[in-house]
Amino acid sequence: MSGNQVRLQAIEQITNRAPKEVAQTEPLNQIWAMDVFNLAKMEEAVSKNAFKAIKKTVKTGEALDNATADIIAAAMKDWALAKGAKFFSHVFYPMTNITAEKHDAFILTNSDGNAINEFTGSLLIKGEPDGSSFPNGSLRMTNAARGYTAWDPTSPAYIQQTANGATLMIPSVFMSWTGEALDKKIPLLRSNSAMNEAAQKVLKLMGEKEVAALDSSCGPEQEYFLIDENFANARPDLLLAGRTLFGAAPAKGQQFDDHYFGAIPARVQVFMQDFEDKLYKLGIPAKTHHNEVAPGQFEIAPYYGAANVGADQQQLLMTMMKQTAKEHGFLCLLHEKPFAGVNGSGKHVNWSVGNSTQGNLLDPGKTPHSNLQFLLFCGAVIRGVHKYGPLLRAVIASAGNDHRLGANEAPPAILSVYLGDQLEKVFEDIKAGKLTGSTDGGEMDLGLSQILNFDRDPGDRNRTSPFAFTGNRFEFRAVGSEQSVSGPLVAMNTMLADSLNWIAEKLEAALKTQDQTAAVITVLKELMELHGNAVFGGDGYSSEWHKAAVEERGLQNIPTTADALPAFKSKEVIELFTKTGVLTAVELESRYEVYAEQYNLAIEVEAKLVVDIAKTKIYPAAITYVSELTLASASTLDLGIELDSRIAKQIAEHINGLLASIAKLETEIAKHDFVDTEAHMRHSADIICPLMGEAREHADALELLVADELWPLPKYSEMLFIK
Ligand code: ADP
Ligand code: MG
């Protein structure tokens, strides 16, 4: 079958397909968390004392003793076996954004030939996958050491159902034998404790007597595309790189804004409900779903929860989404920019910090006192975004996200923070010395009462800001759709910890001579003088901002991953992570190496695909068509028909252009002798990417010239609009 036939057949198959039949399921409250070994199930299964111990661990992160671990392991095993589980697996989260798992059978055979179901506390607590092939940025010499997984009792175990069985999945950390973090979970747990410690100091200075452990929370909004699998199978670029490397813009794109919040296509709706049933069973609170801006693009936003659990659930959600989409005949694309010319996909990470005694510290409270605490925490975030903007950019850097940031659809690659008019005014007044904190003047009260009546859901949401305050939380909007939320959460928690430590020191000094309100205002005034430049409420897409941000505000515009990742090696960032105990210098360096390698690999795969598809699909189609035209012109001349020779000429030009770009690309791909990782990244960003763009221009021009029936790749109009 020739290439174009594959494409035409795909269209036919899709046009004739019926939605997948799915059985009606039980009501949501009956399936909710049925496959999760959560606290409620533990309470039923273990003694009061054991439950008390595990509950304390879950709530505060405190270590669990071995005896209790044994009791929990036994209960967990019984529960899993009763649900038909034959295997168990430590699930862990290597630095590469993926979810990794190694499965073991519960069964053990003993010497008299019988089989028993074996699972002890020590098996639960520690696993030993042969992790030597996970990228570790040279943290762990592959020949010398093993990687260990260890149960994270603060994230609930769950059952993963397959058609013929079930596996008990145990969320775990992954570390080297020397105790270095090889994963994304350990830093997240550490960043939570660093934030907790610093927040405790500030709250105690504010006179709070009882302060429960603070935790960070995460509410991720996941955008994605669904493409029919028949199209995907005819597009090697979608299958292997997750995005189209070629494809001319269709006559109709998203310019009518008719897809956003529009009616969800029936087939997609069936998929969504099936997918969400699975999420509910796994205790993932899938709350809202809707169409997104681009045709074929959708969003799912689960309800927020504890950051550590939220991060695990988000990984599981991505896995389930891809799996379920497949069952429904779709390819689910999580790439940040699968299609040029229409919006890409992001993952907004909504984040706040709080505890059971003071509540959400990013929620302006009902009293002037809680407002002061709110202002301090909010100020701490402002300082963090300003001081560690390059770090925030680095943790969202990837080959995919580079296509999205800075384009006119997603936040710019300049990190600023949006507060909303009211709050921005309060901080401006503090900076200008208008709010002095004097107890006798009316002005102070005015400032605080403004916040007291704070509009929780301001209508003027600024969608152009990468980092926005949205009433009771911050929303990090620049995160990529394919990324783990852990990196961003770690960066936010850690920068907050650092800022709160800074605030605690200043506040302690100020409180020696001033009353509480005045002291808070003094500290915030200094903070705003140093870091107020990061606050920006205007249009983040505008070219004026791009200029002003850099020239007047001293902020950095960091366009590519190659520019962003070196932040991991900067003095400030190393100091931040080592001082807070979240990552050692060695762990930080290893992250730089792994992320840089991922970036270079992603671009290399794309470049090879560009060469391959151009040579084996596009060039043959174009050549076939020109030869047909040439033959036709010979025979039609006799009939007196004047053929449009411009078309043949244009095709010839673009074929030559394509071949020239491909030749250059091949030469560049072959280069491997770079002095260091940074030089390699620069080569990817500055040489390979532009050459891929050059090849694409010619190929896309050819798509608009070559006869439709000959074109080998499903077109944008087909992939995005035929459902
Ligand atoms: P929008 O698209 O308007 O930003 P959504 O409803 O799609 O809003 O998503 C908002 C996300 O923020 C949800 O996941 C929600 O649960 C989460 N969220 C709400 N409050 C908080 C909070 N205090 N901390 C963290 N996440 C929150
Ligand atoms: Mg949002």
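Hydrogens, waters and symmetry mates play no part in the numbers below; they use all other heavy atoms, side chains included. Start at 1 and go down the list; that is how both ligands and their atoms are numbered.
Among residues two or more places apart in sequence or in another chain, the ring-ring contact (aromatic ring centres under 6.0 Å, His included) test is passed with Trp502 by none. By the ring-ring contact (aromatic ring centres under 6.0 Å, His included) test, Phe339 pairs with Phe225, Tyr716, sequence neighbours left out.
Residue Asn360 touches ligand 1 through its side chain alone, judged by heavy-atom distances below 4.0 Å. When non-hydrogen atoms are compared, ligand 1 lies under 4.0 Å from the side chain of Glu475 (C-beta onward) but not from its backbone.
Under the 30°/60° scheme for interplanar angles, the aromatic rings of His403 and His335 are found to be tilted. Aromatic ring pairs are classed by plane angle as parallel below 30°, tilted from 30° to 60° and perpendicular above 60°; the pair Phe568 and Tyr595 is tilted.
Those atoms of ligand 1 that come under 4.0 Å of a heavy atom in Glu299, given as number and element, are 7 (O). Within the listing of ligand 1, atoms 24 (N), 25 (C) sit less than 4.0 angstrom from a heavy atom of Ser217. Residue-ligand proximity, Pro302 to ligand 1, at heavy-atom distances under 4.0 Å covers atoms 13 (C), 14 (O), 16 (O).
When Arg477, Arg473, His348 are checked for heavy-atom proximity to atom 21 (C) of ligand 1, Arg473 turns out nearest. Considering only non-hydrogen atoms, atom 23 (N) of ligand 1 lies nearest to Ser352 out of Cys218, Gly305, Ser352, Gly310.
Judged by the shortest distance from any of its heavy atoms, Glu221 lies inside the 4.0 Å radius around the atoms of ligand 1.
Remark: ligand 1 and Tyr304 share an N or O pair separated by less than 3.5 Å (distance only, no angle test).
In this structure, Glu210 does not pair ionically with Lys204, as no charged nitrogen and carboxylate oxygen lie closer than 4.0 Å. Salt bridge absent: Lys281 and Asp277 never bring a charged side-chain N and a carboxylate O closer than 4.0 Å.
Taking each heavy atom of Arg591 and Pro187 in turn, the nearest pair found is NH2-CG, 4.0 Å.
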